[in-house]
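Below is one structure, written out as structure tokens; the observations come after it.
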Amino acid sequence: MLDASAEPLLTLKGVHTHIGQYHILQGVDLVVPRGGLSILLGRNGAGKTTTLRTIMGLWKASAGSVLFEGRDISKMATPDIARLGIAYVPESMAVFSDLTVRENLYLAARNGPLDEARVDWICGFFPALKKFWNYPAGNLSGGQKQMVAIARAIVEPRKLLLVDEPTKGLAPAIIQSLMAAFRELKDTSTTILLVEQNFNFVRSLGDTVSVMDDGRVVHAGSMAQLAGDEDLQQRLLGLSLDSHQ
Ligand SMILES: Nc1ncnc2c1ncn2[C@@H]1O[C@H](COP(=O)(O)OP(=O)(O)OP(=O)(O)O)[C@@H](O)[C@H]1O
Ligand SMILES: [Mg+2]
């Protein structure tokens, strides 16, 4: 059970982000409780990716604060933010195409050599990684590259994992193992903020859920509440669900 009274791991307060002349995030308020799995939903263009990029410092917030463990990280450089224990798996699979799967994981381990036991644990979710261990990652399918990208992010324990729509283009069986991986990761005290379009993939996975629209969070609450309220789902997600099935 999440302790709602404990200090959240991550809190965005009134975050605005401009990209060039465009005012994309328009006062985002978001709370990610420590040890939980938080889902960020919203239709195409709602601002989900921009929110993750702003947390990582890849876009700078023009106003508001991004608090990680109570400390404002909104002015910090991306490598320093990553060093605090935040890993980011972007929408487009971040792998080194010319390097093998092993080398991709090896480079992602910042604190020394690969932890073989942890690699075995990760490969338990994604057996394809072991199969293609010594192959260039560029030769893998889209789904397999996605697995490499996620494996890179969790090759060492992290405090917070940000994942942007990992299910895009994956077969149902792979999505199931991905969801199982997130569930187990959560049990190892990694907090996860997962962006997803398909509500049905995450309705039994998330602890908390936030819904974005037009650069703002328009709903935040427990997943149990949203999963049990079809009217609310229809009102908040009707469009995004229709457009994604
Ligand atoms: N580099 C950019 N330059 C200009 N506008 C951008 C840029 N990146 C994003 N935007 C705009 O910001 C808005 C939010 O985009 P964002 O990628 O955050 O949405 P999203 O919720 O992740 O959507 P999707 O579900 O399609 O991935 C969109 O209107 C988009 O056109
Ligand atoms: Mg996006």
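Just follow the structure's listing: the first ligand is 1, and inside any ligand the first atom is 1. For the numbers below, each heavy atom of this structure counts, side chains included, while hydrogens, waters and symmetry mates do not.
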Could you go step by step and tell me if Arg118 and Glu116 meet the salt bridge (charged side-chain N to carboxylate O under 4.0 Å, His left out) rule?
CA-CA 5 Å; Arg118 192 169 173 92; Glu116 293 302 332; over 6 Å; no

Tell me whether Val89 shares a hydrophobic cluster with Val95, the cluster being built from Ile, Leu, Val, Met, Phe, Trp, Tyr side chains joined at under 4.5 Å.
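Val89 clusters together with Val95.
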
Numbering as shown, the atoms of ligand 1 that approach [X] to under 4.0 Å (heavy-atom distance):
X: Arg43; result: 21 (O)
X: Ile24; result: 11 (C), 12 (O), 13 (C), 14 (C)
X: Thr50; result: 14 (C), 15 (O), 16 (P), 18 (O)
X: Asn44; result: 23 (O), 24 (P), 25 (O), 26 (O)

Taking atom types as modelled and ignoring hydrogens, do the side chains of Thr54 and Thr17 form a donor-acceptor contact shorter than 3.5 angstrom?
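Yes, because at least one side-chain N or O of Thr54 sits under 3.5 Å from a partner of the opposite role on Thr17.
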
Please check whether [X] reaches ligand 1 - meaning an N/O of the residue sits under 3.5 Å from an N/O of the ligand, judged on distance alone.
X: Lys48; result: yes
X: Gln197; result: yes
X: Gly42; result: no
X: Lys168; result: no
X: Glu91; result: yes

Work out which heavy atom in Ala227 is nearest to a heavy atom in Gln233; give both atom names and the distance.
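Closest pair (atom of Ala227, atom of Gln233, distance): O-NE2, 3.1 Å.
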
For the student: nearest non-hydrogen atoms of Leu129 and Val101, plus distance:
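Looking at all heavy atoms of both residues, the shortest contact is O-CG1, 3.9 Å.
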
Work out whether the distance between some heavy atom of Gly20 and some atom of ligand 1 is less than 4.0 Å.
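No heavy atom of Gly20 comes that close to ligand 1.
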
Could a heavy atom of Glu165 be found less than 4.0 Å from some atom of ligand 1?
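True for this residue.
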
Please lay out, stage by stage, how Ser62 and His18 fare under the test side-chain hydrogen bond (donor to acceptor under 3.5 Å, both in side chains).
CA-CA 7 Å; Ser62 42; His18 288 75; 2.8 Å; yes

I'd like to know if Asp207 and Lys186 make a salt bridge, using a cut-off of under 4.0 Å between side-chain N and carboxylate O.
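Yes, Asp207 and Lys186 are salt-bridged.
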
Which option out of Ile19, Thr17, Leu25 puts a heavy atom nearest to atom 1 (N) of ligand 1?
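The residue whose heavy atom sits nearest atom 1 (N) of ligand 1 is Ile19.
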
Between OE2 of Glu91 and OG1 of Thr49, what angle is found at the Mg ion (ligand 2), rounded to 10 degrees?
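Roughly 110°, rounded to 10°.
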
Applying side chain to side chain contact (heavy atoms under 4.5 Å, CB included) to Thr191 and Leu37, what does each step give before you reach the verdict?
CA-CA 6 Å; Thr191 303; Leu37 210 159; over 6 Å; no

Are Leu25 and Thr51 close enough, and set up right, to give a side chain to side chain contact (heavy atoms under 4.5 Å, CB included), and what steps lead you there?
CA-CA 7 Å; Leu25 299 189; Thr51 299; 3.7 Å; yes

